[in-house]
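A short write-up of the structure that comes next.
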Amino acid sequence: MLPTVSSTNKPVKPRFPFLDLKAQFATIRAEVMEAVTRVLESQVFILGAEVDAFEREFAPLAGGGLAISCASGTDALLLALMALDVGAGDEVIVPPFTFVATAGVVARLGAKPVFVDIDAATYNLDPALLEEAITPRTRAMIPVHLFGLAADMDAILAIARRHRVSVIEDAAQAVGARYRGKPVGNLGNIGCFSFFPSKNLGGAGDGGMLTTMDPSAADRLRVLRMHGSRSKYDYELLGINSRLDALQAAILRVKQRYLEQWTSARQRNAATYIRLFEEHGLKDKVRLPMVPPDRVHVFHQFVIGVRNRDALRAHLQDEGFPTEIYYPSPLHLQPAFRNLGYQRGDFPRAEAACEEVLALPIFPELREDQQRELISAISDFAALI
Ligand SMILES: *Cc1c(COP(=O)(O)O)cnc(C)c1O
């Protein structure tokens, strides 16, 4: 649980949840139950036909190519770096404003995460700052498509090509997002997706997917996720155990059939928020999500930026409106990365974002009347300040 700030001591029951997975489950219950039963009847639980089918069905979401499933989005990032042979002495460029896994996997392999600040409007890696962070040791960059908006990939890829650096897309929050007409996941060398239950395509537990157009990378990934083994008791690489469960695959196959519909609902809810902010004359008081015209945002989160964020959040909580903060602290200031020697002030835009961002509920089943009430509450607060 995130710490919450409240201006009063009495706990207020939220009017609706931040994310309503129960409401979603109610609409697909019979199909999910059928899928789970099918797997239980088969008694095949790890990889197998169900997982193969899901990999085949998922691949087009990332623009075709090959899809290799694994045990989580974090493992997808780890396996991608392992497939590129990243290790001690190597540097990997990552943003400081992201989920911990993006940088954590780099450090876990003994390589050095090198942070590069974000663009203040999109919250994504700023390509203008990339070149000065590249050294002869730089092996890869991991742009994150944060909140469901693609990073500026053409600019990033041009720099990566010039310096012969690989690009791994952290698309954990961005399944279905588009950049200049193309879906994310195969814009760089390897794409990484997460099926954590709260993601736009979420399983009933952990799960992840790797996508690539490169058959030899796909082959390495398949070997690496299976103890480095192609055939039983024959270990050609030093791998890990990171496979998708058939139960997850079966459930995700059901949910993928609804993904487009759910994504449209998220986009509709985002458009409604933006219209309501405009109607209340709040456009100058909050920073609304920026969607460059060459991108399709899938709104994993709807994140606004406000100066007095903590006070607004406390006000909304008192009124029964759930919000979240992604992310309250930049990675370069986290104790786990202390040894890298970064200091406050090193990445001012990421640091400012952590003070100002507030995520509003955006789940597909959210109703317009609920959004109206929430924006009214923000408007009341804005009038007070
Ligand atoms: C969720 C997430 C991950 C990790 O995915 P898991 O499946 O939870 O391991 C990595 N990066 C980003 C940006 C994420 O949001």
Side-chain angles (χ1 to χ4, degrees), residues 2 18-19 21 54 58 62 67-82 92-109 113 115-116 118 122-125 140-151 153 156 167-177 184-185 187-188 190-211 225 240-245 247-249 251-252 255 266 297-303 324-332 334 336-337 350 353-354 357 359 362-363:
L2 286 164
F18 182 77
L19 168 66
L21 287 174
F54 177 51
F58 184 89
I68 305 96
S69 59
C70 64
S72 69
T74 303
D75 276 4
L77 291 163
L78 183 72
L79 286 161
L81 291 170
M82 289 171 75
V92 177
I93 292 176
V94 293
F97 187 63
T98 176
F99 183 62
V100 64
T102 315
V105 292
V106 176
R108 174 127 308 283
L109 289 172
F115 293 113
V116 166
I118 55 168
T122 63
Y123 304 111
N124 282 329
L125 210 52
M141 309 179 190
I142 314 183
V144 180
H145 306 312
L146 200 68
F147 305 142
L149 176 71
M153 290 303 290
I156 292 168
V167 175
I168 297 167
E169 295 175 73
D170 184 340
Q173 302 187 1
V175 63
V184 299
L187 301 169
I190 301 177
C192 300
F193 293 86
S194 164
F195 306 121
F196 185 80
S198 67
K199 298 286 158 78
N200 286 20
L201 179 59
D206 281 312
M209 190 73 85
L210 290 132
T211 49
R225 75 171 171 181
I240 58 174
N241 170 7
S242 181
R243 301 164 300 202
L244 191 67
D245 289 339
L247 279 166
Q248 297 304 336
I251 292 168
L252 288 162
K255 295 186 78 172
R266 287 175 179 275
H297 197 319
V298 293
F299 287 101
H300 174 57
Q301 300 296 349
F302 186 93
V303 172
E324 294 287 355
I325 297 172
Y326 304 110
Y327 295 87
S329 162
L331 296 183
H332 67 283
Q334 289 284 351
F337 297 108
C354 291
V357 288
I362 187 73
F363 60 91

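Start at 1 and go down the list; that is how both ligands and their atoms are numbered. No hydrogens, no waters, no symmetry mates; every other heavy atom, side chains included, goes into these values.
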Spacing of [atom1] belonging to [X] relative to [atom2] belonging to [Y], to within rounding of 0.5 Å:
| X | Y | atom1 | atom2 | result |
| --- | --- | --- | --- | --- |
| S69 | F195 | OG | CZ | 8.0 Å |
| L78 | L109 | CG | CG | 5.0 Å |
| L210 | I168 | CG | CD1 | 9.0 Å |

Exercise. Got M153 and H145 here, is their nearest side-chain heavy-atom distance under 4.5 Å?
Worked result: yes

Exercise. Can you list, by chain and residue number, every protein residue with a non-hydrogen atom closer than 4.0 Å to ligand 1?
Worked result: S72, G73, T74, L77, T98, F99, A101, T102, V144, D170, A172, Q173, S194, F196, K199, G207

For this session: Could you list the residues that satisfy side-chain contact (heavy atoms from CB on, under 4.5 Å) with T122, not counting sequence neighbours?
Result: D119, N124, L149, M290, P292

Exercise. Mind checking whether Y123 and Y327 have ring centres under 6.0 Å apart?
Worked result: no

